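As the structure lists them, so they are numbered: ligands from 1, and atoms in each ligand from 1. Nothing fancy with the numbering, it's 1 onward along the sequence. Predicted, not measured: the structure shown is a model, and the values here were computed from it. Values reported hereafter were calculated over all heavy atoms of this structure, with side chains retained and with hydrogens, waters and symmetry mates removed.
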Amino acid sequence: MISRFAPSTTGEAHPGTLLSALLVWLDARSRGGTAIVRLEDLDRTRDVGGAVLIEALDWLGLHFDQTIVQSERAAAHDAALDRLAAAGRLYPCTCSRASRTRLAPDGGRAYDNTCRDAPLPFGGWRELTATALRARLPDERVELVDAGGLDLSQTPALEVGDPIVRRRDGAIAYQLAVVVDDADEAITDIVRGRDIAPSTATQVMLQRLLDLPTPRYRHHFLLLERARGDKLAKLHGSLPWRELITRYTGAELRDRLAHIAGLADSRIASFDWARVRSDDVSIEGLL
Ligand code: GLU
Ligand code: ZN
C-alpha cells in the first residue's frame, strides 16, 4: 500500500491542508503502508515553495517516507503528452474563458470540446509555445464509487469537457501531472479532500488513455471558513500555519484535528475510517 499527500505549494499550510496530511498519514501507517509527500509546484505563477509545508509536517510529527517535487518530473510529463499526441488525443485550444458559460460539476466552467478537430502543427505539440493543449477523452461514462461510498460516476468528456493537459503558459496541467505521477510513484491509495472529487472521473479517463492503473480513492470532509457573503467555503485565508503555531504545539494541533475528524486522538492505533466524519465542518469555535 503506497499513499501520497500532494499539497500545492501555493501558500502557507492551512488547517485543511494539515488535516489532509494527517488523514493520509494515519491511513497509510495504520495499514503498514508507505506514505510519500509530493509537492505540487507546477503553477510557477503562484509557487511559494514547499519548505513551509515540510516544516509544518515535521512540527506535527508526521514523518513521510519520501518527498517528490513535481516540477522535477518534466520529462515524464512531456512523455505523456507525446503518448497522447501519438494516439491522436492531443489538440490545441484557443478558446477564451469568457466563451465558456456552462457550469461543470466541480463548480468551474465546462468546456464544450469546441476545438476537438483542430490539428497539431506538423512539427508536433512542442511548436505551440503559447497555446493550451487539451486531451480528447472518449465520450464514455466512468462508473466509480470511492472507498467512503461517494459516487464519482460521470461522463467527464461531456459533463466537464476535455481537460487542459498543458496550459497556455507552458505549465503541465494538474489533471495530467497527477495521473502520470501517481502511476510512476506506484500509488495504490489516494486520500484527498472532497473538493477534488469531481475531477476523479477525468483522471480515471486519462489513466485509461495512457494505459495506467486506477488507484483506490477516498475523499474526506473539508474544513470550512466563513467567506465573503457569510457563505461557508473551503479554508483559504484564515489561520495560516504561522498563526497556528502561536496557539498550539504540534502535538496539540494534531490531536485537535483528529478530534474534529471524529477520532479519539491522533495515535495510529486510534485510527478508523468508520469514525471519521463525512460532513464538512466550519472551523469557527473549533480552532
Ligand atoms: N495539489 C492538489 C491540491 O492541493 C491535490 C492533488 C491531489 O490530491 O490529487 O488541491
Ligand atoms: Zn477550444
Practice problem: Pick one of side chain, backbone, both or neither for how Ile196 approaches ligand 1, counting any non-hydrogen atom pair under 4.0 Å. | Solution: side chain

Quiz prompt | Gln203 N/O to ligand 1 N/O under 3.5 Å | solution = no

Practice problem: Nearest heavy atom to atom 7 (C) of ligand 1 wins, so pick from Gln175, Arg4, Arg38. | Solution: Arg4

Quiz item: Under 3.5 Å, is there a donor-acceptor pair between the His220 and Arg194 side chains?
Solution: no

Exercise. Tell me, please, if Tyr111 has any N/O/S atom, main chain or side chain, under 2.8 Å from the Zn ion (ligand 2)?
Key: yes

Practice problem: Would you tell me whether Glu143 and Ser153 have side-chain atoms, one donor and one acceptor, within less than 3.5 Å of each other? | Solution: yes

Exercise. Go through ligand 1 atom by atom and flag the ones less than 4.0 Å from a non-hydrogen atom of Arg192.
Key: 7 (C), 8 (O), 9 (O)

Practice problem: To the nearest 10 degrees, could you say what angle the Zn ion (ligand 2) makes with SG of Cys93 and SG of Cys115? | Solution: 120°

Practice problem: Please report the closest heavy-atom contact between Ala28 and Ser3, naming both atoms and the distance. | Solution: CB-CB, 4.2 Å

Quiz prompt | Contacting atoms of ligand 1, where contact means under 4.0 angstrom from a heavy atom of Tyr174 | solution = 6 (C), 7 (C), 9 (O)

Exercise. Taking all heavy atoms of Leu144 and all of Tyr217, pick out the closest pair and write down the distance.
Key: CD2-CD1, 4.4 Å

Quiz item: Any Lys/Arg nitrogen of Arg256 or Glu252 sitting under 4.0 Å from an Asp/Glu carboxylate oxygen of the other?
Solution: no

Self-check item: Per-atom contacts, ligand 1 versus Val178 - under 4.0 Å to a heavy atom
Solution: 9 (O)

Exercise. Measure the acute angle between the ring planes of Trp273 and Phe271, then classify it against the limits of 30° and 60° as parallel, tilted or perpendicular.
Key: perpendicular

